[in-house]
Amino acid sequence: MLDCLRKNLPFQALDIFKRHLQLGFVDNVDHVTVALALKACHGDPKPGCQIHGFAVSSGLVSYITVSNSLMNMYCKSGKFAKALCIFENLSDPDIVSWNTVLSGFQKSEDALSFALRMNLNGVVFDPVSYTTILAFCSDDEFLFGLQLHSLAMKFGFDCEVFVGNALISMHSRCRQLVEAQRLFDEMPNRDLVSWNAILSGYTQEGDHGLEAIFTFIEMVREGMKLDHVSFTSAVSACGQVRNLELGRQMHGLIMKTGYGRHVSVCNVLMSLYSKCEVVEDAKLVFQIMNDRNVVSWTTIISVNEEDAVSLFNEMRLDGVYPNDVTFIGLIHAISIQTLVKEGQMIHGFCIRISFLSEPNVCNSLITMYAKFEAMEDSLKVFEELNYREIISWNALISGYAQNGLSQEALCTFISAIMESKPNEYTFGSVLSAIGAAEDISLKQGQRCHSYLIKFRLDMDPIVSGALLDMYAKRGNICESQKVFCEMPERTQFAWTAIISAYARHGDYDSVIKFFKEMEREGVRPDSITFLSVLTVCGRKGMVDVGRQLFDSMVKEYQIEPSPEHYSCMVDMLGRAGRLEEAEDLVSQIPGQPGLSVLQSLLGACKIHGNMEMGERIADALMEMEPTESGSYVLMSNLYAEKGHWEKVAKIRKGMRERGVKKEIGFSWVDTRVARGSLCLYKFSSGDMSHPQTEEIFRMAECIGLEMKFLREREREREHLQDNLV
DNA sequence: GTAGGGTTAG
């Protein structure tokens with residue numbers, strides 16, 4: 001049996017050990033054998049517990065090596081409490097006992113306080129203690145790590161390669177890459193682990209992908225033997241800098257060195273191919289893998305969204321247990337494909353296996369139901385949360401905003417800032433809700449503006465972009481301009497927002513000026529930018545400029561025109577009276593022309609009195625969307641202008657028969673109810689519902705008269721001036 | 001008998 005253990009054949013060794021016990025050959029078993037057998041358990045508590053029983057009954061547990069091995073076995077099998085129990089009952093623990101328990105802690109703060117207890121008990125740290133404690137030191141424990149570093153230097157342990165490597169990785173984890181590199185450079189006896197430690201340091205810290213790649217190339221040049229850890233870090237760095245070419249070369253090297261089926265290496269290769277948008281290659285890697293772990297399955301589910309649900313089922317058949325990340329990927333895949341049934345099923349599954357205690361999973365579910373336009377379900381998930389972090393609030397607010405429930409978005413925002421600290425996404429969502437809603441007072445937008453200054457988020461590109469867009473959509477172009485000028489970093493979103501703001505105001509010169517400036521600064525316009533620019537060209541009758549821009553959008557920027565772009569172009573040509581050209585463009589639209597394109601053309605027919613084309617378009621429209629009032633109204637107005645009253649009557653009758661109603665347009669006004677409290681009042685034309693209707697109409701008449709008076713006075717002055725000149 | 005380096009994500 002000892003032979004088997006020494007030859008690293010743990011299963012055979014365990015079998016022999018068990019047979020020994022069953023046959024009662026206990027006299028041959030000594031403390032060394034028990035320790036070796038425990039090591040052979042590799043963290044499997046089942047045989048481990050049996051051996052524990054034997055160690056107690058045979059009295060071998062009194063050997064410190066046996067107790068230490070038992071503790072190690074329990075630490076490795078995740079039963080740390082049992083290990084700690086053994087430790088607390090030891091009368092005379094040695095350094096190995098202390099180190100073993102130390103290695104078993106889950107949380108770094110617990111490990112560090114145990115290290116302090118060692119110190120208080122007069123236990124002198126050995127190199128193993130240093131390496132073990134250093135492994136627990138991350139960002140928050142950096143000062144502790146530094147103290148350990150100087151202690152290790154004092155005792156000369158920093159020259160031990162194990163300790164040196166732990167020091168390098170501790171500094172890497174704490175983002176002290178310069179120091180990590182210095183330690184690495186000054187190491188007299190670097191090994192593969194030292195190289196991997198510095199390599200992974202650069203990989204883990206964002207923005208250092210290139211340094212990681214250079215380190216890897218140096219490793220190859222120095223003829224270092226590479227292993228799975230080197231490859232995982234190096235491939236991950238390639239993914240970070242999106243260098244597919246180098247990644248493929250590394251994949252070749254991986255195949256050559258025999259790591260082509262290693263689970264972690266394959267996982268990171270899949271991630272590389274997915275980041276570089278070669279999904280098929282990621283799938284190929286997944287196919288050749290022998291054993292797939294939860295990360296492999298999670299990655300392929302996130303990469304291959306169309307097959308996510310069936311992959312998830314396959315994963316379960318494969319006996320791999322999902323974790324929170326798996327559900328986040330799966331729910332995301334389900335959301336973007338709007339698979340309502342599957343979404344509800346997975347929600348149920350999460351409830352059954354108690355995964356709703358994972359806040360991230362709940363946040364994904366909130367977002368999923370928002371995508372399904374089922375905000376009541378989003379709210380339900382939200383209300384059942386144990387702890388509401390800002391991400392959960394954000395998911396709910398953006399859900400309301402995206403579903404056009406602006407009032408709810410605003411109310412949720414107000415509750416959110418009372419409970420949590422808002423971040424850039426909170427303001428992004430609520431500002432977009434306020435921007436989209438005419439029935440929310442602009443005062444609320446200004447209130448948000450003051451909040452975001454209070455939270456020092458006014459210089460954030462996401463927030464200032466959303467703020468500028470909100471003011472623009474709500475008609476306050478001066479504020480938009482101000483926000484735009486004060487922005488430290490002008491994103492594509494900001495440029496597009498300011499351009500569309502001026503487009504909405506019909507300010508052709510500013511739109512073209514900003515558009516040219518945007519191009520000059522090397523910011524790529526997107527389809528929305530072009531939509532604004534084309535709209536304003538149409539309004540100002542700049543048809544040839546518009547056509548040129550449309551062509552450059554398609555050819556230079558390779559932006560596929562959307563139905564909105566087409567209707568914008570048709571509108572532009574139509575307004576200019578180039579009706580045949582407009583109809584020609586409609587016929588070029590791939591697939592069926594949409595509702596808005598035809599409505600634009602019909603509008604143009606009305607302006608230019610082209611009844612013949614108008615009738616044709618209106619027929620097509622009424623067939624497409626028999627309940628849409630716009631087409632009926634336009635056509636009836638066209639007939640009315642031409643004096644075809646019998647046709648007007650026919651259309652009006654048709655509308656009544658089909659139950660088509662024209663939607664009423666409303667306006668809003670802020671009214672002060674009491675000091676500080678605002679009430680937004682909605683009214684339509686000829687509205688008599690307000691209790692003070694009489695006074696309101698009188699006042700409106702007064703204002704109208706005053707306007708008329710002012711206008712006449714202005715005219716008189718102009719007249720006088722002209723005469724003087 | 002105890003120890004150092006790696007991957008996935010809202």
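Below, chains carry the letters A, B, ... as their sequence lines are ordered, and counting in each starts from 1. Every value quoted in this text rests on a predicted model; they were computed, and no experiment measured them.
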Step through the shown structure and confirm whether more than 12 heavy atoms of other residues, nucleotides or ligands are within 6.0 Å of CD on Glu88(A).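 Correct, the count exceeds 12.
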
Just by distance, do the side chain of Gln176(A) and the backbone of Cys174(A) share a donor-acceptor pair under 3.5 Å?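 Side chain of Gln176(A) to backbone of Cys174(A), a donor-acceptor pair under 3.5 Å: yes, one is there.
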
Within this structure, what is the [atom1]-to-[atom2] distance between [X] and [N], rounded to whole angstrom?
| X | N | atom1 | atom2 | value |
| --- | --- | --- | --- | --- |
| Lys225(A) | dG5(B) | NZ | P | 19 Å |
| Asn72(A) | dT2(B) | CG | P | 5 Å |
| Phe382(A) | dG10(B) | CZ | C1' | 16 Å |
| Phe184(A) | dG5(B) | CZ | C1' | 12 Å |
| Phe157(A) | dA3(B) | CZ | C1' | 13 Å |
| Phe87(A) | dT2(B) | CZ | P | 16 Å |
| Met118(A) | dT2(B) | CE | P | 15 Å |
| Ile391(A) | dG10(B) | CD1 | C1' | 7 Å |

Check every strand shown and say whether [X] touches a base, only sugar-phosphate, or nothing at a heavy-atom separation below 4.0 Å.
| X | value |
| --- | --- |
| His228(A) | base |
| Glu389(A) | base |
| Arg173(A) | sugar-phosphate |

Side-chain N or O of Lys371(A) less than 4.0 angstrom from OP1 or OP2 on dG10(B)?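 Result: no.
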
Aromatic contact between [X] and [Y], with the criterion being ring centroids under 6.0 Å apart: yes or no?
| X | Y | answer |
| --- | --- | --- |
| Phe136(A) | Phe105(A) | no |
| Phe125(A) | Phe157(A) | no |
| Trp195(A) | Phe216(A) | no |
| Phe312(A) | Phe349(A) | yes |

Taking N or O atoms only and anything under 3.5 Å, show me the protein contacts with nucleotides 7-9 of chain B, one pair per line.
residue	atom	partner	partner atom	Å
dT7(B)	O2	Asn267(A)	ND2	3.3

Once you round to the nearest 0.5 Å, how far does CD1 of Ile168(A) lie from CG of Asn196(A)?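 The CG atom of Asn196(A) is 10.5 Å from CD1 of Ile168(A), to the nearest 0.5 Å.
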
Check for me: is Trp195(A) stacked on dG5(B) by the 5.5 Å centroid and 30° plane-angle rule?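 No.
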
